[in-house]
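Below is one structure, written out as structure tokens; the observations come after it.
In the text below, chain A, chain B and the rest are named by the order of the sequence lines, each starting its count at 1. Any value given below was found using the heavy atoms of this structure, including those in side chains, with hydrogens, waters and symmetry copies removed.
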Protein chains: 2
Amino acid sequence: MSQDESALKSVSLTVMKGMAVLAAFDGRTHSMTLAELARATGQDRATARRGALTLVQLGYLQQNGRGFSLTPKVLLIAGGFLQANRFGLHVQPVLNGHAETLGTEITLALREGSDVLLLAQSTLHHGRPVSFGFTVGSRLPLLHTSLGRMLLACEADEALPDLISAAPPPRYTDLSLASPAEITESIRQARADGYAMTDGEFEAGIVGFAVPVSRPGHRGLVVGANVARGAGGTDKDRMLQTLQLCAADLRRNEALEAL
Amino acid sequence: MSQDESALKSVSLTVMKGMAVLAAFDGRTHSMTLAELARATGQDRATARRGALTLVQLGYLQQNGRGFSLTPKVLLIAGGFLQANRFGLHVQPVLNGHAETLGTEITLALREGSDVLLLAQSTLHHGRPVSFGFTVGSRLPLLHTSLGRMLLACEADEALPDLISAAPPPRYTDLSLASPAEITESIRQARADGYAMTDGEFEAGIVGFAVPVSRPGHRGLVVGANVARGAGGTDKDRMLQTLQLCAADLRRNEALEAL
DNA sequence: GCAGTTTGTGCGATTATCGAACATAAGTTC
DNA sequence: GAACTTATGTTCGATAATCGCACAAACTGC
């Protein structure tokens with residue numbers, strides 16, 4: 001029996017079902033009914049209901065009439081990770097410092113499946129927020145964001161076709177690249193340049209930049225920032241330079257060692 | 001059959017066990033062995049192992065030799081909550097704005113069981129970090145922090161003795177209040193004053209302030225800030241005023257409606 | 001009020017889970 | 001290196017927990 005087979009034999013199907021219920025609350029809607037939950041998880045209605053009621057009992061979900069929604073207690077799970085890795089001490093101040101230099105928010109992200117996963121973010125107080133209100137734990141599209149493009153550029157060539165087809169490209173704006181060939185070319189370009197830039201592909205009027213945190217032998221990790229097009233002030237070279245300094249500061253950051 | 005009994009009958013014991021494994025990774029240690037995990041959860045070793053291997057299979061845990069640790073994927077669970085409630089749009093900018101006024105970081109928190117749970121924290125760059133590196137999802141002590149004291153002041157009188165005894169007071173510094181009577185008195189004082197202040201009780205040399213977000217009929221919610229003692233600059237009245245303005249701005253915040 | 005949809009519940013078949021016992025591996029001390 | 005201790009991996013059968021079906025109750029929209 002190989003290690004994979006042994007691992008599969010030791011997997012608890014019921015725990016998986018419970019986690020699937022929890023993961024179905026992915027932030028797209030405020031709450032879900034049992035029928036929606038059963039559809040989202042593909043589980044029998046009665047099974048999904050039992051999973052949900054268990055999570056209610058544990059305090060991770062609350063029930064309001066027919067709707068179920070996550071409670072703040074789920075933040076503890078993320079806190080377990082963030083605290084164990086000392087993000088608050090070692091990552092957040094780095095992002096905060098460079099974001100102040102740059103005058104716009106900075107985001108640290110990696111690839112999780114077919115999405116960009118936001119690990120940390122420094123947001124500033126300015127009259128007009130640049131982003132959609134993303135937070136730690138937010139998913140962004142892999143294909144049409146600068147973060148995602150840069151993350152794809154960190155992948156091995158042979159992995160790209162599958163990643164690109166697994167993340168079918170809905171077009172967010174008229175400017176979003178449509179064909180896998182175009183996307184592949186822009187990934188190649190990002191790799192050659194050492195940075196990725198997208199212009200209005202995900203959010204109209206928003207220019208995104210991303211650079212890699214160079215860590216050979218580790219999972220791809222990137223930092224990025226956005227500006228509103230035409231905002232002036234911060235030019236491309238200065239932005240890239242600051243992002244690269246930030247990436248350099250994160251290079252041997254102990255909080256990121258385990259990623 | 002009452003609603004409680006019906007809920008208990010529909011609870012999945014196996015899902016509970018799997019969640020207990022996940023919750024055992026509470027950030028206190030970087031990783032845990034199976035033996036530690038079995039002890040932490042009180043489960044039979046083989047059961048804890050199956051739970052852990054299931055979570056590894058799902059991507060929420062990783063195994064490194066004998067140690068298991070959380071992966072960044074757990075941030076998605078928190079992201080589900082933060083996104084569903086629009087924290088990034090509606091809460092973060094409020095905290096950041098007032099933190100800029102105040103010149104120190106501001107924290108939003110509520111009570112979760114016997115702990116303070118950090119919901120959000122401003123991300124501005126201040127010259128000197130005041131805190132221990134707390135993050136979203138961090139737990140703080142209920143009894144010896146200004147946040148915790150203010151949260152206790154939001155509780156009904158008859159609930160206080162149980163809450164105080166459930167959170168046995170380790171003393172963090174020489175200045176930490178030791179006896180339940182002293183703690184109760186300071187909670188009473190916080191209630192009368194409309195703010196809580198602690199001086200060196202949790203972190204030596206750190207003065208903490210907290211004020212409630214007034215929301216009758218809702219769970220207690222507080223905002224707080226810390227200063228290093230002797231730092232000058234920011235006086236007490238100005239700090240309290242800013243915290244109170246921040247609390248007022250959060251009073252009818254739609255992101256916090258469901259709490 | 002009616003039709004359609006959703007939720008709650010009971011029940012028994014059966015499947016998944018459990019933990020004991022044993023084997024193997026790793027770590028510590030001398 | 002040997003002996004001891006601790007930890008991990010595996011197998012297996014008893015059985016407890018889970019499952020999903022069917023029905024009842026509740027809700028929603030016209």
Side-chain angles (χ1 to χ4, degrees), chain A residues 1-25 28-71 84 258, chain B residues 1-25 28-58 60-71 258:
Chain A
M1 191 182 304
S2 76
Q3 204 179 13
D4 278 351
E5 285 166 329
S6 165
L8 284 181
K9 211 170 160 78
S10 304
V11 156
S12 163
L13 298 179
T14 306
V15 172
M16 274 184 141
K17 285 172 190 168
M19 291 305 300
V21 169
L22 188 57
F25 291 87
R28 282 181 218 172
T29 59
H30 178 71
S31 69
M32 279 201 276
T33 62
L34 275 177
E36 287 165 338
L37 196 48
R39 278 193 293 268
T41 57
Q43 293 171 20
D44 180 77
R45 188 173 54 73
T47 300
R49 180 170 179 271
R50 280 191 287 264
L53 290 179
T54 302
L55 293 170
V56 169
Q57 187 69 18
L58 290 172
Y60 294 111
L61 287 187
Q62 65 190 343
Q63 187 172 10
N64 202 319
R66 292 183 148 194
F68 291 85
S69 53
L70 292 175
T71 69
Chain B
M1 188 181 310
S2 77
Q3 202 178 13
D4 277 352
E5 286 167 329
S6 165
L8 283 181
K9 210 165 162 97
S10 305
V11 155
S12 162
L13 298 180
T14 306
V15 172
M16 276 185 138
K17 286 172 187 168
M19 290 306 299
V21 168
L22 188 56
F25 292 87
R28 281 179 218 172
T29 60
H30 178 71
S31 69
M32 278 201 277
T33 62
L34 276 177
E36 286 165 339
L37 196 48
R39 280 194 293 269
T41 57
Q43 293 172 23
D44 178 79
R45 188 173 55 73
T47 300
R49 180 168 178 270
R50 279 191 289 263
L53 289 179
T54 303
L55 293 170
V56 168
Q57 186 70 17
L58 291 171
Y60 294 111
L61 285 186
Q62 65 189 342
Q63 186 171 12
N64 203 319
R66 291 181 149 199
F68 291 86
S69 52
L70 293 176
T71 69

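Distance, B/L53 CG to C/dC18 P: 13 Å, rounded to whole Å. What separates CZ of A/F68 from P of C/dT6 is a distance of 14 Å, to the nearest Å. Following rounding to the nearest Å, B/L34 (CG) and C/dG27 (P) show an atom-to-atom distance of 14 Å. What separates CG of A/L13 from P of C/dC18 is a distance of 11 Å, to the nearest Å.
Partner of A/F68 under the side chain to side chain contact (heavy atoms under 4.5 Å, CB included) criterion, out of A/V21, A/L53, A/L55: A/L53 alone.
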Problem set entry | Pair A/L58-B/M16, side chain to side chain contact (heavy atoms under 4.5 Å, CB included): steps then yes or no | CA-CA 8 Å; A/L58 290 172; B/M16 276 185 138; 3.6 Å; yes

For this session: For the pair A/L22 and A/L70, evaluate side chain to side chain contact (heavy atoms under 4.5 Å, CB included) and give the outcome as yes or no after the intermediate values.
Result: CA-CA 8 Å; A/L22 188 57; A/L70 292 175; 3.8 Å; yes

For this session: Go through B/T54 and B/Y60 one step at a time and tell me if the side chain to side chain contact (heavy atoms under 4.5 Å, CB included) criterion holds.
Result: CA-CA 9 Å; B/T54 303; B/Y60 294 111; over 6 Å; no

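Within the 4.0 Å cut-off from OP1 or OP2 of D/dG9, not a single side-chain nitrogen or oxygen of A/S10 is found. Contact check, B/T14 against D/dA17: no side-chain N or O comes under 4.0 Å of OP1 or OP2. At C/dG19, one or more side-chain N or O atoms of B/T47 fall inside 4.0 Å of OP1 or OP2 (strictly under the cut-off). At least one side-chain nitrogen or oxygen of B/T33 sits closer than 4.0 Å to the OP1 or OP2 atom of D/dT8. Taking only side-chain nitrogens and oxygens, B/R49 comes nearer than 4.0 Å to OP1 or OP2 of D/dT10.
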Problem set entry | Sequence-aligned protein contact record of nucleotides 22-30 of chain D, with B where the base is within under 4.0 Å of a protein heavy atom and S where only the sugar-phosphate is | B----S---

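Heavy-atom distances to DNA chain D give each of A/D44 and B/Q63 a nearest nucleotide, and the one nearer the 5′ end belongs to B/Q63.
Picking from D/dG20, C/dT17, D/dG9 the nucleotide with the shortest atom distance to the side chain of A/R50 gives D/dG20.
Residue pairs meeting the side-chain hydrogen bond (donor to acceptor under 3.5 Å, both in side chains) criterion with at least one member in residues 34-46 of chain A, sequence neighbours excluded, are A/T33-A/E36.
Between the CG atom in B/L13 and the OG1 atom in A/T14 there is a gap of 10.0 Å [rounded to 0.5 Å].
Across A/S31 and A/G67, no two heavy atoms sit closer than the pair OG-CA, 4.2 Å. The two atoms that bring A/L37 and A/A24 nearest to each other are CD1-CB, 3.8 Å, heavy atoms only.
Remark: the backbone N or O of B/R50 is not paired with any side-chain donor or acceptor of A/S12 at under 3.5 angstrom.
Contacts with DNA chain C (heavy atom under 4.0 Å) in residues 15-23 of chain A: none are found.
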